[in-house]
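Down below is the structure, laid out as structure tokens.
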Amino acid sequence: MFKEIKNKYLRYFIIFIYFIILFFCALQINFLWLFGYSPSYADIKKPSQRVGSELYTSDGKLIGRYFKENRTPVAFKEISKNVVNALVATEDVRFYKHSGIDIQALGRAVVGMGKEGGASTITQQLAKNLYRTRYNKSSGLAKRIPLVRTIIPKLKEWMTAIKLESNYSKDEILTMYLNTVSFGNNTYGIKTASRIYFNKEASQLSVPQAALLVGMLKATTSYNPIKNPERSLERRNVVLSQMSKYNYLPKTELEQYKAQPIGIEAGNDDEGSENDSYLRTAVDKYLEKWCDENNYNLYEDGLKIYTTIDSKLQRYAEEAVKDQMRILQRRFYSVWGNEDPWEDSERKKVDYPDRAKKSLPIYALLQKKFPNQPDSVEAYFNKKKKMKIFSYKGDRDTLFSTMDSIRYYGKILNTGMMTLEPRSGKIKVWVGGIDHKFFKYDHVNQAKRQAGSTFKPFAYLAALESGMSPCDKFTDKPVRIAYQDKGETKYWEPKNADWSYSYQEMSLRWAMGRSVNTITAQVTEKVGWDNVVKWAHECGIDSHLESVPSVSLGSNDVTVYEMVKAYGTFLNEGNKVDPILVEKITDQNDNVIEEFVAKAKRALSEEIAWLMLYMFRGGIEEPRGTSQALWEWDLFKKNNQIGGKTGTSSDYVDAWYMGITKDLVTGVWVGCDERTAHFKNGEQGEGSRTALPIFAKFMEKVYQDPNSGYTYGPFPKAKVEITRTYNCPSPRIQIDTVQTDSVSVDSTVIDMPIIDQPEPIKIEQQQPKVEEKKNTENQPKQEPVATVPLTKKEERELRRKQRREQKEKEKEKKNTNNQ
């Protein structure tokens, strides 16, 4: 009888065990989708900690991070023993004795109904944090049953904890736990928490500091030392008591540590980089397709991304931008004073603030909330509130209404700058604006603006491609070009920037160097504006271009990125390169995952590309070249050569400079995001006075740094035979300092006359009198060629004198017009 009862209970026990095994198997395989995801042994052996990716320059400088959970992993040997002791004493005192499940603690919790504390071990907490066993996506259909949806996640934690214990040592489990746990404020992992709260490494944490961080784990918000310092202090002292209770801390030191203040020293975990930046955002966009194709998550997979950006050049560019933009902003305020700067092309005032207000989403909501109550809507937009605003002296606290903010930011000048090394295709500099915190819009690859005269080289390229040479000549004279618009014949009459014509015959190189609108228009008419568009696209302009007569004068909108890419084709011997922003990507252990190489495609012949570089040098070398303001900087040592092109759109809305050296191509745009805000004339807002100085200051810093990797020097010599005539020096015009003509500047004039001011030029050296032979019947008169160099001081004095005289002439002209 007893034996039968014994066998009966044994069978029941075996059935029960069998049922338990089946249940756990069903749990593991998610039978009929009842139980949701459970980590497999493969998952256990390769745990994912959702580690953010790090962004580096090409020379290894950390410049940003991508993360959803701000975490940087750390090895066990890099964690202070104080942290480990505090954690074990507080969270799991029998950690080194159990195998993932603390049976003793579990029994105590069941008997005491949870009043004596929980039974969750550090390993179970790791399972929960690491594999998200309690997230909705880890739950199956059984989550609809009230009691079951509570039990199943707990069982999963037990199963996962046992797997973890069987695959990892205790130290490894502690390390994974301390790398995954949250410390509040989007701070994950002990290394990040150490930097954020104490500005030190995890290995340097003292006993009280370790106790404070471990104490936060119970409730990161309630015991946050920044938000709730008093409660955080109380919790820290509880942890210290636990450490003393379990012999991790001598009792003689307990009271001493309890008496210490919290001692928070807020640090920064980005190691000198901004959490967000134009470059960080650009790389995110650049890698979006790659991540999708290769199944990587930039914010969770702990990648190390090495950009092509050179940290020295980037710093020099940012310094040049900040220095020049501060000057330009003061100039802009000085020009307009208390007057609103928003005007249309006919100089009529535009109510930009009202238009901007009505474009805000809140405006439509307020219209619905307060129908036929305009005063209530206006009251909302004019209500003052505290806010931080951008300034060149740092973020400024102020009381602004929404309308105040619109007016303030509607007057701020911005910029975009990019530098490319065309031969390698590597982008070396990326400056998307003046401050990413306040201006998210990237002015390198997002903002499209009128290119102005920086687009003219594509007309001259089309001319060379049609068989012309740099020495072919056109006359600067009035032009009237007929074109068809929807079957109707219309006429375009471009004007030069100074609203005058020299009636002088000029070579293509001279005309491009001086940026003469009438000659550019004649060239465009001869080669066909369709061909100008064609060659612009061939070189790298991707934006849609309207094929119209004015295309060569930059009437289309393009990005800085496109312009630099296209100009890079000339320096890269006619090969169009698709610029790369990332060189390589590695994992956390520096194993290379992907390397990037720029793709190149032949767009121009080597001869045409070399001739275009020769044409670009005309901005410096030709009489009155529009790039001659560069002489004011230390850029021309050791036979250095620079090519470039200034550009200014109508009404001085957009100002550009495209600069080419033997190694680099740099593009700079300057203007207001609101296009109706602009300077009044070329003296203030022309490309050579706004964008060009940024390029000049940048390159001066680069050349003066012997470690920059870029040196002075001439453009590369031609590697192929040059079959076109190109060496045709332009006549050097004698400068009359008593009666100075207006110097031509670089501005697109399409619809209306714009009186421009002279830009700084390299002073043509005054020529001494040279004895000339009397003309004989068949002997042409020879022009004098001897020159006497002026000193830099004399050049500056002469330049100032020219400007004063020019201003006086224009003032007289203006008075005459008024009369």
Side-chain angles (χ1 to χ4, degrees), residues 310 313 316-317 320-321 324 417-423 428-429 453-454 456-457 460-461 470 509-510 512-515 560 563-564 566-573 609-647 655-670 686-705 708-718 726-727 729-730 745-746 759-764 792 795:
D310 185 296
L313 268 64
Y316 296 150
V321 163
Q324 178 65 8
M417 177 179 180
M418 174 178 150
T419 297
L420 174 70
E421 189 179 73
R423 293 181 185 88
K428 310 307 291 185
V429 165
S453 293
T454 56
K456 287 178 181 175
Y460 293 93
L461 168 61
R509 186 179 193 247
W510 190 8
M512 182 171 132
R514 279 190 59 175
S515 197
V560 171
M563 291 297 287
V564 173
Y567 272 55
T569 303
F570 304 126
L571 188 57
N572 197 28
E573 300 176 352
W610 188 89
L611 287 172
M612 283 302 298
L613 287 183
Y614 179 72
M615 296 274 285
F616 278 114
R617 283 164 45 194
I620 291 287
E621 298 170 1
E622 292 289 344
R624 298 185 183 178
T626 58
S627 292
Q628 291 182 353
L630 292 175
W631 287 103
E632 295 182 15
W633 285 272
D634 185 21
L635 300 174
F636 295 96
K637 294 178 180 177
K638 301 178 182 178
N639 196 30
N640 194 45
Q641 290 178 333
I642 295 179
K645 190 72 195 74
T646 55
W656 293 74
Y657 190 73
M658 301 296 300
I660 307 175
T661 69
K662 66 182 178 67
D663 302 301
L664 303 170
V665 173
T666 298
V668 182
W669 167 86
V670 172
E686 200 271 331
S688 68
R689 288 176 169 79
T690 53
L692 180 146
I694 293 177
F695 167 80
K697 292 175 180 180
F698 163 64
M699 286 307 305
E700 188 176 60
K701 291 173 183 288
V702 172
Y703 285 143
Q704 290 176 353
D705 180 359
S708 71
Y710 299 95
T711 59
Y712 296 98
F715 282 150
K717 293 182 179 179
Y726 65 89
N727 189 10
S730 303
V745 295
D746 193 9
E759 67 176 272
I761 62 169
K762 178 186 175 185
I763 303 300
E764 304 298 336
K792 288 188 176 181
E795 287 182 5

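The structure displayed is predicted, hence computed values, not measured ones. In what follows, every heavy atom counts, from backbone to side chain, and hydrogens, waters and symmetry copies are set aside.
Residues forming a side chain to side chain contact (heavy atoms under 4.5 Å, CB included) with Ala696 (at least two apart in sequence, or on another chain): Leu630, Trp633, Leu635. Applying the ring-ring contact (aromatic ring centres under 6.0 Å, His included) criterion to Tyr726, with sequence neighbours excluded, gives Trp610, Tyr614. Taking the side chain to side chain donor-acceptor pair (under 3.5 Å) definition, one finds that Lys697 meets it with Asp323, Gln324, sequence neighbours left out. Here Glu573 pairs with Lys719 under the salt bridge (Lys or Arg N to Asp or Glu O under 4.0 Å) rule; sequence neighbours left out. The salt bridge (Lys or Arg N to Asp or Glu O under 4.0 Å) search around Asp705 returns none, not counting sequence neighbours. Under the rule for a side chain to side chain donor-acceptor pair (under 3.5 Å), the partners of Arg617 that lie at least two apart in sequence or sit in another chain are Glu621. Listed by chain and residue number, Tyr657 satisfy the ring-ring contact (aromatic ring centres under 6.0 Å, His included) test with Phe695 (two or more places apart in sequence, or in another chain). Partners of Lys662 under the salt bridge (Lys or Arg N to Asp or Glu O under 4.0 Å) rule, at least two apart in sequence or in another chain, do not exist in this structure. Annotation: side chain to side chain contact (heavy atoms under 4.5 Å, CB included) contacts of Pro729 (sequence neighbours excluded): Asn727. Annotation: ring-ring contact (aromatic ring centres under 6.0 Å, His included) contacts of Tyr710 (sequence neighbours excluded): none. Annotation: side chain to side chain donor-acceptor pair (under 3.5 Å) contacts of Thr690 (sequence neighbours excluded): none. Listed by chain and residue number, nothing satisfies the side chain to side chain donor-acceptor pair (under 3.5 Å) test with Tyr567 (two or more places apart in sequence, or in another chain).
Looking at Asp663 and Arg423, their side chains come closer than 4.5 Å, going by heavy atoms from C-beta outward. By the 4.5 Å heavy-atom criterion applied to side chains, Phe570 and Leu461 are counted as neighbours. For the pair Phe616 and Met512, the minimum side-chain heavy-atom distance is below 4.5 Å. Residues Phe636 and Ile642 meet the side-chain proximity criterion, which asks for heavy atoms closer than 4.5 Å. With a 4.5 Å cut-off on side-chain heavy atoms, Met612 and Pro457 count as touching. Contact of the Met417 side chain with the Phe698 side chain is registered, since non-hydrogen atoms from C-beta on lie closer than 4.5 Å. Side-chain contact between Val429 and Thr666 is absent, with no heavy atoms from C-beta onward closer than 4.5 Å. In this structure, the side chains of Leu664 and Leu313 come closer than 4.5 Å at one or more pairs of heavy atoms.
Side chain of Lys428 to backbone of Glu421: no donor-acceptor contact under 3.5 angstrom is found. A donor-acceptor contact shorter than 3.5 Å links the side chain of Trp510 to the backbone of Pro623. Between the side chain of Asn640 and the backbone N or O of Gly713, at least one donor-acceptor pair lies under 3.5 Å.
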*Please report the C-alpha distance between Trp669 and Ile694 in whole Å, then the side-chain angles of each, then the deciding distance to 0.1 Å, and finally whether the side-chain contact (heavy atoms from CB on, under 4.5 Å) criterion is met.*
CA-CA 10 Å; Trp669 167 86; Ile694 293 177; over 6 Å; no

_Between Ser515 and Thr626, does the side-chain hydrogen bond (donor to acceptor under 3.5 Å, both in side chains) criterion hold? Intermediate values first, please._
CA-CA 7 Å; Ser515 197; Thr626 58; 5.4 Å; no

*Go through the steps for Tyr703 and Lys637 under the test side-chain contact (heavy atoms from CB on, under 4.5 Å), then give the verdict.*
CA-CA 10 Å; Tyr703 285 143; Lys637 294 178 180 177; over 6 Å; no

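Here the OG1-CE distance, from Thr454 to Met563, works out to 3.5 Å after rounding to the nearest 0.5 Å. One distance of note links OG of Ser730 with CZ of Arg509; it measures 7.5 Å at 0.5 Å rounding.
Of all non-hydrogen atoms in Pro422 and Gly568, the two that sit nearest each other are CB-O, 3.5 Å. When every heavy atom of Pro470 is checked against every heavy atom of Leu611, the shortest pair comes out as CG-CD2, 4.0 Å. Across every non-hydrogen atom of Ile620 and Gln628, the tightest pair is O-NE2, 3.0 Å. Closest non-hydrogen pair, Ala609 versus Thr569, comes out as CB-O, 4.5 Å. Annotation for Ser688 and Ala629: closest pair O-CB, 4.5 Å, computed over non-hydrogen atoms.
Electrostatic pairing of Glu622 and Arg514 does not count as a salt bridge here, judged by no charged N lying under 4.0 Å from a carboxylate O.
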